[in-house]
Amino acid sequence: MLTAALLAVPGITALSSAARAADADLAKNGGFESGLDNWSCSASSGTTVKSPVHGGSSALQATPAGNDYAQCAQTVTVKPNSQYSLAGYVRGSYVYLGASGTGTTDVSTWTQSAPDWQRLTTSFTTGASTTKVTIYTHGWYATGAYYADDISLTGPAVDVGTPPTTPTGLAVGTINSSSVALSWSAVTGATSYAIYRDGVKVQTASGTSATVSGLSAATAYSFQVAAVNDAGESAKSTAVTATTSTGSGPSTGLPTHALVGYLHASFANGSGYTRLADVPDSWDVIDLAFGEPTSATSGDIRFNRCPASECANVESDTDFKAAIKAKQAAGKKVLISIGGANGQVQLTTTAARDTFVSSVSNIIDTYGLDGLDIDFEGHSLSLDASDTNFKSPTTPVVVNLIAALKTLKAKYGSKFVLSMAPETFFVQMGYQFYGTGKFGGQDPRCGAYLPVIYALRDDLTLLHVQDYNSGPIMGLDGQYHTMGGADFHIAMTDMLLTGFPVAGDTTNMFPALRPDQIAIGMPASVNAGNGYVAPAEVTKTLDCLTKKVSCGSYTTHGTWPTLRGLMTWSINWDRYSNWEFQKTFDGYFG
């Protein structure tokens, strides 16, 4: 018996060693050395960085946005009735590591604060019929970026074979202004296909064809496809290119590339008064600043020209109207801009809405103007707590403004020029936050322009967001971008031309606008506003967006040669600075 027992011990030891030897790390690209391959991050929140890293040369960085807490996950093939250990290194506040779909009890572990790399571990046993488990990491609402690296899932390995071969025969089918149809040859053993646009995975398909939508008009894109099975993805196919057709926006007589500027018509400041007749021909759209309400909620808009006591060289009404006609005869557009920093407009009632329509119509008719610019700032637009869907707004000031603008557009017809000049807080900030938010407590003005832009998207001639006087804004790369260089303008404009999930909700996408609808808003000089950039940075911005060169660290989601142009505050400040902004535009577009 003693001999038998002694003989049994080595056998037991051998079996135990064999069991351990069969364990393997089943997490793919757990060190993020291959970017985000094999990982799926919510709301475009994830990216890889070179610093800080725990091991190797890369790590995951993901940033919670709005109601999304930046989960990055991958699905792993496992064995039933088997034990697995999940581990990884994290940095940041409220960082979670977990597994779902285990078939038994899903598990997670987290750290409240990890200023340096901290190892998280947990384990689970799979159910009797469980063959796939999802492992993930995520942060928490409004806690800032977190980092993860060297994630492993250790346990019994499953022979999943090898990845499929690379697809061939990728071809472009039907193209329109917002979508491209693709097809390719079937690959043996593939369970699905991953479609890449400009090197970024944008969707998956179960068959051998797909239509990539949400594209910008008149824009060139590159596409590839990879075959997928449980073993992973094949190499990407040979790329094909396609250029979307020109959009069918309203014909308003603007040149392909336009220069837009605000003219101080109702006030004077340090820049001095500029007569309308003295505005150079380079300016294609002239926004008369400003029409203002008699009170915040009246809807009664008045345009009072600058008095001679304030503007010593102001022209007469007769000369002013004659200058408008002369500009129009030269192919220029002259608009009345409503609002500005001091002109709060809140259409809280239908009566205010109707008064707005009649009073704005009176200004347009009196001066024979081409259209209307909406420059609502401050507290003009704010969302009710119950108003959570930008596609179906319920807040009266938003609903009434939309109705008023649609009425004006219908009254004056297809050649009526409608533009908007919101601040970044009211548009791009909507990528992270919308209104008061899911849990309340957010600024109700955040993203409040989105329902107005969306409702008027087919009637909108120009959107020129004020890329100035702005705080840091998160771009589609999950990074915060700050004023002062080309990077800010590139990231903010890319969001408008690509579209983005509102408040991080990928099921609620703000759609891309056409490039001919977009002008980039910049200060004309250091005196005009915070966020001034030198001419060289303006040129870098245009090079990146129209040619995809000089982009710096930000990778755009397309190339838009038909981007409409530039807007500036203001013509007066540009004259004060020896027409630097105008000369930059003319030098670039000719």
Side-chain angles (χ1 to χ4, degrees), residues 26-29 34-44 46 71-78 101 131-136 158-247 476 497-501 506-509 511-512 548 555-560:
L26 307 185
K28 299 172 183 175
N29 190 30
S34 300
L36 293 179
D37 283 359
N38 303 111
W39 293 91
S40 176
C41 295
S42 61
S44 303
Q71 177 167 297
C72 291
Q74 71 169 266
T75 299
V76 181
T77 301
V78 295
T131 58
K132 292 184 183 296
V133 167
T134 298
I135 59 174
Y136 63 83
V158 178
D159 184 6
V160 294
T162 58
T165 58
T166 304
T168 59
L170 179 60
V172 174
T174 302
I175 301 174
N176 61 33
S177 62
S178 61
S179 66
V180 172
L182 302 170
S183 62
W184 55 89
S185 302
V187 174
T188 302
T191 55
S192 64
Y193 298 88
I195 300 159
Y196 289 80
R197 183 189 72 201
D198 295 326
V200 178
K201 187 187 295 185
V202 292
Q203 65 190 70
T204 58
S206 57
T208 56
S209 64
T211 297
V212 180
S213 58
L215 307 178
S216 297
T219 304
Y221 294 95
S222 173
F223 299 97
Q224 293 170 286
V225 64
V228 182
N229 64 13
D230 286 346
E233 278 190 15
S234 70
K236 299 181 186 70
S237 69
T238 300
V240 297
T241 58
T243 301
T244 51
S245 58
T246 302
L476 296 180
L497 295 169
T498 303
F500 55 87
T506 55
T507 66
N508 195 29
M509 297 290 294
K548 210 161 190 174
T555 302
T556 63
H557 293 76
T559 308
W560 302 279

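One-based numbering along the sequence shown.
Here the closest heavy-atom approach between residue Ala73 and residue Thr134 is recorded as CB-CG2, 3.8 Å. Phe223 approaches Leu215 most closely through the heavy-atom pair CZ-CD1, 4.2 Å. Ile175 and Ala242 get closest at one heavy-atom pair: CD1-CB, 3.9 Å. Here the closest non-hydrogen pair linking Ala227 and Pro164 is CB-CB, 3.7 Å. The two atoms that bring Ser237 and Pro167 nearest to each other are CB-O, 3.5 Å, heavy atoms only. Nearest heavy-atom pair across Ala205 and Ala210 is CB-CB, 4.1 Å.
Under the 3.5 Å distance criterion, the side-chain polar atoms of Asn38 are left unmatched by any main-chain donor or acceptor of Gly232.
Pairs engaging residues 221-233 under the side chain to side chain donor-acceptor pair (under 3.5 Å) rule: Lys132-Asp230, Tyr196-Glu233, Lys201-Glu233 [sequence neighbours left out]. Under the side chain to side chain donor-acceptor pair (under 3.5 Å) criterion, no residue pair touches residues 184-193, with sequence neighbours excluded.
The closest side-chain heavy-atom distance from Ser234 to Val187 is not below 4.5 Å. Side-chain contact between Leu170 and Leu182 is present, with at least one heavy-atom pair separated by less than 4.5 Å. Inter-residue side-chain proximity for Val180 and Arg197 is flagged as unmet; no heavy-atom pair is nearer than 4.5 Å.
Taking OG1 of Thr211 as the start and CD1 of Ile195 as the end, the distance is 8.5 Å to the nearest 0.5 Å. To the nearest 0.5 Å, atom NE2 of residue His557 and atom CG of residue Asp198 are 9.0 Å apart.
Residues forming a side-chain contact (heavy atoms from CB on, under 4.5 Å) with Ser209 (at least two apart in sequence, or on another chain): Ser183.
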